[in-house]
Amino acid sequence: QRNKNLDPVDPLVETLPRYQLCSPPPETLLQVHGFTVVPMTKRRTDDSNNIHRRSNKCGDIAYYSSHGPVLTSNNNNNNNTYTQFQVALVVIHGQNRNADDYFCAGHKASELWHKQQQQQQQQEPVLTLAPRFLQCNDNPNIALTSGNPPLRWNNHSTAGDWRYGADAILLTRDGCTNHISSFDALDAMILQLSNRTLFPNLKLISVFGHSSGGQLVQRWALLSPVFGENDDDKDEKLPFRMSRELQVGRRRRRPHLRAIVANPSSYVYLDQRRFIGHCNDSSVSFQEPSKEVQTACSQYNQWEYGLEDGGPMDVRYRKQAVGKKTALIERYESRDVIYMIGSQDRCNISTTTTTLSNNNNKDASHHTTQWWCNSHGLETTCMD
């Protein structure tokens with residue numbers, strides 16, 4: 001029960017649930033693995049070893065794994081075939097980049113699901129992976145089992161540049177020439193999991209993100225061409241010539257890909273409409289803001305909140321992915337994307353709030369001070 005003397009204001013938090021601490025497999029939290037990311041535009045049918053030797057200069061995406069370094073970068077030197085997996089869960093951390101906590105929780109959820117499947121005589125384990133999008137101010141001494149330096153992102157935005165597809169920091173002093181987006185990193189992981197040489201029996205890949213991780217998953221699921229490549233009934237081709245290993249993987253049906261977006265607090269909208277009004281007001285409507293409001297908030301439909309060009313958060317990956325917006329939206333409608341919102345994790349008032357209004361007699365900005373409210377309702381920028 002909450003202490004009303006210490007926390008007298010917050011109307012949402014009535015009790016703090018007691019969670020059982022998860023126990024991941026031994027050593028899994030002591031080892032951070034690395035997977036070399038080859039940007040999609042750099043992939044060719046030439047020798048994949050040369051590709052990875054060049055790309056290693058840029059660093060690896062760091063990740064935790066329930067079953068060791070399964071995302072090996074060099075298939076030719078790996079004799080393992082992971083036949084035991086039918087389901088893979090990729091868990092994306094939030095703003096604090098505590099991938100170890102998310103890995104632990106994801107592994108616990110996988111265990112519970114596995115026990116349920118055992119009751120139905122299905123005993124295959126779940127492969128749980130948790131990438132870690134390190135920032136430049138994170139621990140500089142993190143050592144990956146791959147022996148390569150980890151990819152890192154700038155932290156220009158509070159919630160992390162990686163969440164909207166920004167490129168990792170170029171290691172120009174080491175000869176890195178590839179621009180690697182956080183979406184490129186997730187694409188590469190999904191492509192590797194879809195490789196039938198390594199994972200011949202994998203049927204489902206679920207990519208789950210919470211908070212800032214949910215923001216990444218929602219935006220990635222909209223833009224990524226790899227997402228559509230996992231649906232064999234779609235004649236959607238990747239915008240690069242696949243390596244020999246990936247061509248072999250495509251000869252058999254790829255795993256089904258599902259994106260799960262949990263409590264992201266902001267979204268990329270598919271058109272100019274937004275929710276107008278306060279969340280507790282019955283007059284809330286979903287419509288295009290007035291011209292006056294759009295003028296006051298000129299960036300409201302630019303990336304990461306909309307699909308228009310420009311703005312301080314526009315990224316290379318988005319520019320390459322967005323062609324005809326109508327085709328992009330239609331493609332998104334056909335994808336398996338699940339949204340989850342906690343019923344008590346919904347407050348949208350922070351220290352300073354900005355409310356859109358279509359009433360020309362009112363200001364476009366309305367400021368409120370409520371220090372206690374900082375959960376995962378809609379953010380309080382004018383872009384929302």
Side-chain angles (χ1 to χ4, degrees), residues 29-42 52 54-65 69 71 73 90-103 129-189 209-220 223 264-266 268 299 302-305 311-320 374 379 381:
L29 289 179
L30 299 179
Q31 293 183 324
V32 185
H33 305 291
F35 177 57
T36 299
V37 177
V38 181
M40 296 174 62
T41 54
K42 296 291 183 181
H52 285 290
R54 291 195 299 269
S55 300
N56 279 346
K57 297 177 180 179
C58 299
D60 290 359
I61 181 67
Y63 73 96
Y64 294 94
S65 169
L71 298 180
S73 296
V90 181
V91 186
I92 311 296
H93 58 70
Q95 173 181 332
N96 293 328
R97 305 175 303 289
N98 50 333
D100 50 350
D101 292 332
Y102 277 75
F103 168 74
L129 304 174
R132 186 174 180 183
F133 295 96
L134 292 162
Q135 293 185 169
C136 55
N137 58 332
D138 288 333
N139 182 0
N141 299 319
I142 291 178
L144 306 183
T145 58
S146 63
N148 297 320
L151 290 169
R152 294 178 182 271
W153 277 261
N154 282 313
N155 55 332
H156 294 141
S157 62
T158 303
D161 295 7
W162 50 269
R163 66 190 165 90
Y164 55 82
D167 286 341
I169 301 169
L170 281 176
L171 302 177
T172 52
R173 66 184 184 279
D174 296 324
C176 173
T177 58
N178 291 340
H179 294 273
I180 300 176
S181 164
S182 52
F183 294 170
D184 282 324
L186 191 50
D187 284 341
M189 296 181 72
H210 165 74
S211 190
S212 290
Q215 295 181 33
L216 180 144
V217 172
Q218 192 251 347
R219 292 169 172 89
W220 166 79
L223 297 182
S265 78
S266 78
V268 55
Q299 298 176 358
Q302 295 174 345
W303 189 258
E304 63 176 329
Y305 298 94
M313 291 179 284
D314 205 359
V315 293
R316 173 191 54 84
Y317 190 102
R318 184 208 67 84
K319 295 174 183 177
Q320 293 178 348
N374 185 21
E379 290 181 352
T381 66

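The analysis underlying the following values was restricted to heavy atoms, covering all of them including side chains, and did not include hydrogens, waters or symmetry mates. Note that the structure is a prediction, hence the values are computed from the model and not measured.
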key: Sole residue of Val38, Val37, Leu151 in side-chain contact (heavy atoms from CB on, under 4.5 Å) with Asp184   = Val37
inquiry  = Using the side-chain contact (heavy atoms from CB on, under 4.5 Å) definition, which of the options Tyr102, Phe133, Trp162 pairs with Arg97?
reply    = Trp162
task = For Asn141, enumerate each residue passing the side chain to side chain contact (heavy atoms under 4.5 Å, CB included) test, keeping only those at least two apart in sequence or located in another chain.
result = Asn139
ask   = ring-ring contact (aromatic ring centres under 6.0 Å, His included) with Trp303: which residues, sequence neighbours excluded?
value = none
Heavy atoms, side chains only, cut-off 4.5 Å: are [X] and [Y] in contact?
X      : Y      : result
Gln302 : Asp314 : no
Pro69  : Tyr63  : yes
His93  : Asp101 : no

Interatomic spacing from [atom1] in [X] to [atom2] in [Y] - rounded to 0.5 Å:
X      : Y      : atom1 : atom2 : answer
Leu71  : His33  : CG    : NE2   : 9.5 Å
Asp138 : Arg132 : CG    : CZ    : 6.0 Å
Leu186 : Leu216 : CG    : CG    : 6.5 Å
Asn137 : Asn154 : CG    : CG    : 9.5 Å
Ile169 : Trp153 : CD1   : CH2   : 9.0 Å

Taking all heavy atoms of [X] and all of [Y], pick out the closest pair and write down the distance.
X      : Y      : answer
Asp187 : Trp220 : OD1-NE1, 2.8 Å
Val91  : Pro131 : O-CD, 3.3 Å
Asn155 : Gln135 : CB-NE2, 3.0 Å
Ala130 : Phe103 : CB-CB, 3.5 Å
Gly214 : Pro264 : C-CB, 3.8 Å
Ser266 : Tyr305 : CB-CE2, 3.9 Å

key: Donor-acceptor contact below 3.5 Å, side chain Gln215 vs main chain Tyr164   = no
request  = Taking salt bridge (charged side-chain N to carboxylate O under 4.0 Å, His left out) as the test, write out the residues that go with Arg152, two or more places apart.
outcome  = none
inquiry  = What I want to check is whether the side chains of Arg163 and Ser211 have a donor and an acceptor closer together than 3.5 Å.
reply    = no
request  = Could you tell me whether the side chains of Ser181 and Asp167 share a donor-acceptor contact shorter than 3.5 Å?
outcome  = no
message = Between Arg318 and Glu304, does any side-chain N to carboxylate O distance fall below 4.0 Å?
response = no
